[in-house]
Participant: 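Quick one: structure below, then a few questions.
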Amino acid sequence: MATAIEFNNISKIYRLGLVGTGTLAHDIKRWWTINVRGKEDPYLTIGETNDRSTKGESEYVWALRDIDFKVEQGDVVGIIGKNGAGKSTLLKILSKVTAPTTGTIRARGRIGSLLEVGTGFHPEMTGRENIYMNGAILGMTKAEITKKLDEIVDFSGCERYIDTPVKRYSSGMMVRLGFAVAAHLDPEILVVDEVLAVGDAEFQKKAIGKMQDVSKGEGRTVLFVSHNMSAVKELCTSGVLMENGRIAYRGTSHETIAKYLSGEETESFFSPKENVVTKVSVQQKNESIILQLDYNSDTPIKEPSLGFVVYDSYGTRLFGSNPIIERVKHYGEPSRRGSVTATISSPQLADGNYYFSIWFNDGLAYGKHIFERETCLCLTVNGTESNIKRDLRENLGPITPCVNYEFNHQ
C-alpha cells in the first residue's frame, strides 16, 4: 500500500510571550546564521520540553520534537493525548498553517483541513459564498463546487440559512457547514481536529459515518484528533499517543486508547505544587468498590473532600460522585494526616478495566483545590461476584450506584 503522509524529524519551537527574539539585532543575527551561513538555529539549543504544568527556565519550548512516522493510504489515524501534547500543532504543520522548525512532511494528494470552528470562513459572507471560497482554497473549480453544492448543503443541515452571513450562525452550524465542505470536496487527505465536539449527537454520528465512507469506501486518508475515546475507537484503525510534543506510543486504536487511559506516562503522579496526597488506591471488595485517598499536610485540612469519575476502557464516562452537588459534610476536627474512603455499592460493572479520575479539596464549593489527576487509577473487574457484573452493551439505563464516604484522622 502506498504511503500517503510521511513525517520526517518534524520539530516545532515557539517563544513564549513576544514574537521574534526580542530585538531587531537578534532577529537579523538569527536570520544571517540560518539563511546565509547555513548553520542551525542557535535558539534550538535552549528550548525546553512543553510541559505546561511547570514554569521552566527558558522562554523557548518545543511544541513538537523529533516526530517520525508514516501514514498509509486509506488509513484512519486517531491522534490522542492531553491538552498541550502537540496534536493540533502537528496538524497545522501538515495543513501548512505554520511551518516546522526542522524536518519535512511529504503528503501525496490534496489536503482538506478542518482545524477549528469556522476555519477559512469570512463572517460577512453567506454560507453559500463561503462554500465557494473554501472550495477554491482547496483547489476545486467553480463547476466542481456547483456540482456538489446541493449535497454539501443537505449534509450540513443549514439549508434555511445558506444565504445568511455566517457571522449569525451558531458554533454548531459553523462546524456543520465547515465539515460538509471539507468532506465533500474530494480531498485525498482529510484532517479533522476536535471540532465534532461542538456539534450535536446527530451530526457527530453523521460526520463519523462520512469519515468512514471516505476512508473505507473511497480509500482516502483521515487524521482525526479527539478527546472522545468512543469516537476514536469507532472510527480509527490505528492510533498515535502524544505526550509533551513527542510520540509516546503507536499501535492499534484499542491499544493506544488503553495506553492513554492507563495513565502510564512520564509525568509525576502528584501535583508539583501540592505534594499533600501520599497514596490513592482502588480495589474490588465483595459487591463494592473501595476508593481511598491518604493525605499528609503541613497545615490542618478542615473539610477533606474527594470526588471522582469512572470511565470504561474506551473513555466513556459511566458515573461519578461530586461532593459539592451531593453536599457531603465532614464533621470531624481539622487534621494534618488522615484518609477519605468512598465506598461504591453495587456498581454493576461488566468484566474489564475501568479508570478513575479524582480530585481532592479542602472544603466544598469554595474550598482550596489540592489535587487533581486524570485516569490515574485502573480497576480490573473480574466478575467473581455476580452482583457486580453488568453487560454494558445492553440498554439497561444509567449506572447510579450509592456512594458512602468515611473520614479517618491520624
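Index from 1, following the sequence.
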Participant: Taking the ring of F69 and the ring of F7, is the distance between their centroids below 6.0 Å?
Facilitator: yes
Participant: Pair R336, T299 - check side chain to side chain contact (heavy atoms under 4.5 Å, CB included), show working.
Facilitator: CA-CA 6 Å; R336 289 184 172 87; T299 58; 5.7 Å; no
Participant: So for atom CG, which belongs to D298, do other residues, nucleotides or ligands contribute more than 12 heavy atoms lying within a distance under 6.0 Å?
Facilitator: no
Participant: Below 4.5 Å, heavy atoms only, C-beta onward: do E129 and T126 meet side chain to side chain?
Facilitator: yes
Participant: Kindly compute the distance separating CD1 (I290) from NZ (K285), expressed to the nearest 0.5 Å.
Facilitator: 6.5 Å
Participant: Decide if atom CD of E6 counts as having more than 12 heavy atoms of other residues, nucleotides or ligands within a radius under 6.0 Å.
Facilitator: yes
Participant: What distance separates H184 NE2 from I131 CD1, expressed to the nearest 0.5 Å?
Facilitator: 10.5 Å
Participant: Counting only N and O atoms by type, is there a donor-acceptor contact under 3.5 Å from the side chain of S357 to the main-chain atoms of V309?
Facilitator: no
Participant: Only one of I67, L94, N8 passes side chain to side chain contact (heavy atoms under 4.5 Å, CB included) with I105; say which it is.
Facilitator: L94
Participant: Just by distance, do the side chain of T89 and the backbone of A63 share a donor-acceptor pair under 3.5 Å?
Facilitator: no
Participant: Between T221 and Q73, which heavy-atom pair has the shortest distance, and what is it?
Facilitator: OG1-CA, 3.5 Å
Participant: Do the ring planes of Y169 and Y161 sit parallel (below 30°), tilted (30 to 60°) or perpendicular (above 60°)?
Facilitator: perpendicular
Participant: Do L291 and L306 pass the side chain to side chain contact (heavy atoms under 4.5 Å, CB included) test, and can you show the C-alpha distance, the side-chain angles, and the key distance before you say yes or no?
Facilitator: CA-CA 10 Å; L291 174 65; L306 173 64; 4.2 Å; yes
Participant: For the residue pair H122 and N130, what are the closest heavy atoms and their distance?
Facilitator: N-OD1, 2.8 Å
Participant: Taking atom types as modelled, is there a side-chain donor on E406 or N404 under 3.5 Å from an acceptor on the other?
Facilitator: no
Participant: What do the steps show when you test K87 against D193 for salt bridge (Lys or Arg N to Asp or Glu O under 4.0 Å), and what is the final call?
Facilitator: CA-CA 8 Å; K87 307 182 298 296; D193 183 9; over 6 Å; no
Participant: Can we call the ring centroids of F360 and Y295 under 6.0 Å apart?
Facilitator: yes
Participant: List the steps and the verdict of side chain to side chain contact (heavy atoms under 4.5 Å, CB included) for N134 and F121.
Facilitator: CA-CA 7 Å; N134 265 20; F121 280 7; 3.2 Å; yes
Participant: Would you call T102 and I10 a side-chain contact if the rule is heavy atoms closer than 4.5 Å?
Facilitator: no
Participant: Which atom pair, heavy atoms only, marks the closest approach of I301 to I370?
Facilitator: CD1-CD1, 4.0 Å
Participant: Taking all atoms of both residues into account, what is the closest heavy-atom pair of P165 and P123, and its distance?
Facilitator: CB-O, 3.7 Å
Participant: Specify the closest pair of heavy atoms between R108 and I189, including all atoms of both residues, with the distance to one decimal.
Facilitator: O-CD1, 4.0 Å
Participant: What I'd like to find out is whether the side chain of T98 reaches to under 4.5 Å of the side chain of Y14, using heavy atoms alone.
Facilitator: yes
Participant: Answer yes or no: is there a donor N or O on one side and an acceptor on the other, between the side chain of S297 and the main chain of P300, under 3.5 Å?
Facilitator: no
Participant: List the atom of D362, the atom of P304, and the distance in Å for their closest heavy-atom pair.
Facilitator: OD1-N, 4.5 Å
Participant: Would you say the side chains of D75 and T237 form a donor-acceptor pair under 3.5 Å?
Facilitator: yes
Participant: Contact between L91 and I79 at the side-chain level, heavy atoms closer than 4.5 Å - yes or no?
Facilitator: yes
Participant: Nearest 0.5 angstrom please: W62 CH2 to I13 CD1, how far?
Facilitator: 4.5 Å
Participant: Within the structure provided, determine whether F308 and F319 are in side-chain contact (heavy-atom separation under 4.5 Å).
Facilitator: yes
Participant: For the side chain of S156 and the backbone of V153, is there at least one donor-acceptor N/O pair under 3.5 Å apart?
Facilitator: yes
Participant: When rounded to the nearest 0.5 angstrom, what is the spacing between CG in L318 and CZ in F356?
Facilitator: 9.5 Å
Participant: Please tell me if the side chains of M133 and M125 come closer than 4.5 Å, counting only heavy atoms from C-beta onward.
Facilitator: yes
Participant: In Å and rounded to the nearest 0.5 Å, what is the CZ to CG distance from F179 to L190?
Facilitator: 6.0 Å
Participant: Quick one: are I111 and V191 in side-chain contact, heavy atoms under 4.5 Å?
Facilitator: yes
Participant: Is K82 salt-bridged to E243, cutoff N-O under 4.0 Å?
Facilitator: no
Participant: Whether the side chain of S335 engages the backbone of G338 through a donor-acceptor N/O pair (distance < 3.5 Å, no angle test) should be reported.
Facilitator: no
Participant: Walk me through whether V77 and V222 qualify under side chain to side chain contact (heavy atoms under 4.5 Å, CB included).
Facilitator: CA-CA 6 Å; V77 181; V222 178; over 6 Å; no
Participant: Please determine whether the number of non-hydrogen atoms from other residues, nucleotides or ligands lying under 6.0 Å from atom CZ of R250 exceeds 12.
Facilitator: yes
Participant: What's the spacing between M174 CE and C158 SG if we round to 0.5 Å?
Facilitator: 10.5 Å
Participant: When you compare the side chains of T343 and Y405, does any donor N or O come within less than 3.5 Å of an acceptor on the partner?
Facilitator: no
Participant: Using a 4.5 Å cut-off on heavy atoms from C-beta on, say whether the side chain of L64 contacts that of L90.
Facilitator: yes
